A.B. asks: 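Once you've had a glance at the structure underneath, I'll fire off some questions.
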Amino acid sequence: MSENNVNITIANRLATAHDKISDASKKAGRLPEHVSLIAVSKTKPPSDIEAAFQAGQLEFGENYVQELADKAQQLSKLENLCWHFIGPIQSNKTALIAEHANWVDSLDRIKIARRLNKHCEELNKQLNVLIQVNISDSNTKSGIALLDVANFAEEIQEFKSLTLRGLMAIPDEYLDKNKQKAEFEQLNTCFLALKHQYQSVDTLSLGMTNDMEAAIFSGSTMIRLGTAIFGPRTN
């Protein structure tokens with residue numbers, strides 16, 4: 001496929017994704033502009049990200065620190081590009097994340113928060129953060145327990161270079177939609193409580209390709225889509 005065809009395909013997929021978000025929002029009685037889209041670009045070349053940018057996409061999510069750093073440097077000419085780091089965080093990678101990310105969507109340890117804050121202070125930079133919640137209580141997923149969110153949020157408030165924006169979760173996939181709905185509603189209740197307590201909180205990052213509509217019905221303000229935008233990963 002030629003580069004021009006790839007660019008058109010990415011633009012078309014973005015348009016389709018926005019249509020689906022808009023339709024789900026309207027069904028849920030919400031305004032489509034209150035739900036943003038993160039294009040998850042891990043393993044994809046910078047040219048694909050530039051194609052999405054040319055189609056109007058500004059926010060991108062990366063799971064691997066070195067890949068984030070490399071892409072942020074290669075695409076620094078693109079104005080208003082916003083990078084979300086959405087993967088597990090190792091202590092020895094916090095400096096790179098602080099330097100290149102605008103958001104950290106996967107914060108679940110105070111030790112990591114402390115290190116990010118220190119690096120951001122040195123950079124004279126403010127970093128948006130989301131607390132990752134293990135809403136399904138899964139052994140295979142990162143994140144803190146729902147019951148620990150309030151205390152964790154209170155601790156984050158002590159770090160002056162971090163701005164708490166809300167919560168993120170990657171729930172298990174369920175055939176039982178009632179179980180899915182119950183977890184989503186629990187997370188939204190926690191999010192609304194945080195929003196009431198902290199003026200900076202405005203983001204609930206919940207929902208991917210398979211559960212996007214349910215997430216929007218449950219109050220998600222940020223949807224994460226990868227394959228739906230860029231096509232299947234090759235590795």
Side-chain angles (χ1 to χ4, degrees), residues 13-40 42 59 61 63 84-88 103-109 129-154 156 164-198 200-233:
R13 286 172 174 162
L14 271 169
T16 298
H18 282 293
D19 285 344
K20 288 181 177 179
I21 289 172
S22 179
D23 288 345
S25 299
K26 289 173 183 175
K27 287 179 185 176
R30 300 178 59 198
L31 295 174
E33 55 265 33
H34 290 171
V35 183
S36 62
L37 169 62
I38 306 301
V40 180
K42 63 179 180 180
E59 298 191 77
N63 285 59
H84 291 248
F85 186 75
I86 56 178
W103 290 65
V104 168
D105 298 9
S106 51
L107 186 61
D108 64 357
R109 286 184 288 160
V129 299
L130 299 177
I131 299 170
Q132 183 169 355
V133 181
N134 188 347
I135 188 64
S136 302
D137 197 24
S138 172
N139 293 329
T140 62
K141 288 187 169 66
S142 301
I144 68 171
L146 198 63
L147 291 174
D148 296 329
V149 168
N151 288 338
F152 193 79
E154 191 173 343
I156 289 176
L164 177 61
R165 297 294 296 272
L167 304 177
M168 184 273 270
I170 307 172
D172 284 342
E173 290 188 32
Y174 296 114
L175 293 176
D176 183 348
K177 295 302 179 184
N178 289 327
K179 188 169 185 180
Q180 179 192 65
K181 183 181 178 183
E183 286 189 356
F184 285 12
E185 288 180 351
Q186 285 179 322
L187 190 67
N188 188 45
T189 297
C190 183
F191 164 65
L192 293 174
L194 273 189
K195 189 176 180 181
H196 179 74
Q197 187 170 2
Y198 301 111
S200 62
V201 171
D202 58 4
T203 301
L204 177 58
S205 181
L206 175 69
M208 297 181 284
T209 301
N210 294 330
D211 58 7
M212 178 176 72
E213 186 167 319
I216 290 173
F217 266 84
S218 297
S220 176
T221 69
M222 186 178 282
I223 301 297
R224 305 181 301 272
L225 300 178
T227 303
I229 305 301
F230 298 108
R233 291 195 294 274

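The first residue in the sequence is number 1, and the count goes up from there. Just so you know, these numbers come straight off a predicted model, no measurement behind them.
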A.B. asks: Would you check, one step at a time, whether the test side chain to side chain contact (heavy atoms under 4.5 Å, CB included) holds for S25 with H34?
C.D. replies: CA-CA 8 Å; S25 299; H34 290 171; over 6 Å; no

A.B. asks: Does S36 offer a backbone N or O that forms a donor-acceptor pair with the side chain of T221 under 3.5 Å?
C.D. replies: no

A.B. asks: For Q132 versus D105, what's the shortest heavy-atom pair and its separation?
C.D. replies: CB-O, 4.3 Å

A.B. asks: Quick one: does N63's side chain have a donor or acceptor within less than 3.5 Å of a partner on G87's backbone?
C.D. replies: no

A.B. asks: Distance from Q186 atom CD to I135 atom CD1, nearest 0.5 Å?
C.D. replies: 5.0 Å

A.B. asks: Do L206 and N188 touch side chain to side chain, with heavy atoms closer than 4.5 Å?
C.D. replies: no

A.B. asks: Considering all heavy atoms of both residues, which atom of A145 and which atom of V133 are nearest to each other, and what is their separation?
C.D. replies: C-CG1, 4.5 Å

A.B. asks: Are the side chains of S136 and E183 in touch, meaning some heavy atoms are under 4.5 Å apart?
C.D. replies: yes

A.B. asks: Is there a salt bridge (Lys or Arg N to Asp or Glu O under 4.0 Å) between D202 and K195? Walk through the geometry before answering.
C.D. replies: CA-CA 6 Å; D202 58 4; K195 189 176 180 181; over 6 Å; no

A.B. asks: Just wondering, more than 12 heavy atoms not from E173 lying within 6.0 Å of its CD?
C.D. replies: no

A.B. asks: List in chain and number order the residues that pass side chain to side chain contact (heavy atoms under 4.5 Å, CB included) with S200, two or more places apart in sequence or in another chain; answer none if no residue qualifies.
C.D. replies: T163, L164, Y198

A.B. asks: Checking S205 now: which residues fulfil side-chain hydrogen bond (donor to acceptor under 3.5 Å, both in side chains) with it, not counting sequence neighbours?
C.D. replies: R224

A.B. asks: Could you point out which residue of L204, T203, L167 forms a side chain to side chain contact (heavy atoms under 4.5 Å, CB included) with L130?
C.D. replies: T203

A.B. asks: Which residues pass the salt bridge (charged side-chain N to carboxylate O under 4.0 Å, His left out) test with D23, sequence neighbours left out?
C.D. replies: none

A.B. asks: Please table the atom pairs, donor to acceptor, closer than 3.5 Å between any side-chain atom in residues 207-219 and protein atoms at least two apart or in another chain.
C.D. replies:
residue, atom, partner, partner atom, Å
D211, OD1, M208, N, 2.6
S218, OG, A214, O, 3.1

A.B. asks: Using 0.5 Å steps for rounding, measure from the CD1 atom of I21 to the OG1 atom of T16.
C.D. replies: 11.0 Å

A.B. asks: Identify the heavy atoms of I144 and F152 that sit nearest to each other, and give their distance.
C.D. replies: CD1-CB, 3.7 Å

A.B. asks: Using the side chain to side chain contact (heavy atoms under 4.5 Å, CB included) rule, pick out the option among D108, I156, V201, L107 that qualifies with I131.
C.D. replies: I156

A.B. asks: Once rounded to the nearest 0.5 Å, what's the spacing between atom NE2 of H196 and atom CG of L192?
C.D. replies: 11.0 Å

A.B. asks: Would you indicate whether L147, at its atom CG, is surrounded by more than 12 heavy atoms from other residues, nucleotides or ligands within a distance under 6.0 Å?
C.D. replies: no

A.B. asks: In chain order, what residues pass the side chain to side chain contact (heavy atoms under 4.5 Å, CB included) check against K181, with sequence neighbours excluded?
C.D. replies: E185

A.B. asks: Got a second to check how far M168's CE is from H84's NE2, nearest 0.5 Å?
C.D. replies: 11.0 Å

A.B. asks: Between I229 and R13, which heavy-atom pair has the shortest distance, and what is it?
C.D. replies: O-CD, 3.1 Å

A.B. asks: Measure across S142 and N134 and return the closest heavy-atom pair with its distance rounded to 0.1 Å.
C.D. replies: O-CB, 3.6 Å

A.B. asks: Where do R30 and S220 come nearest, in terms of heavy atoms and distance?
C.D. replies: NH1-O, 2.8 Å

A.B. asks: Could you tell me which residues satisfy salt bridge (charged side-chain N to carboxylate O under 4.0 Å, His left out) with K141, sequence neighbours excluded, listed by chain and number?
C.D. replies: D172

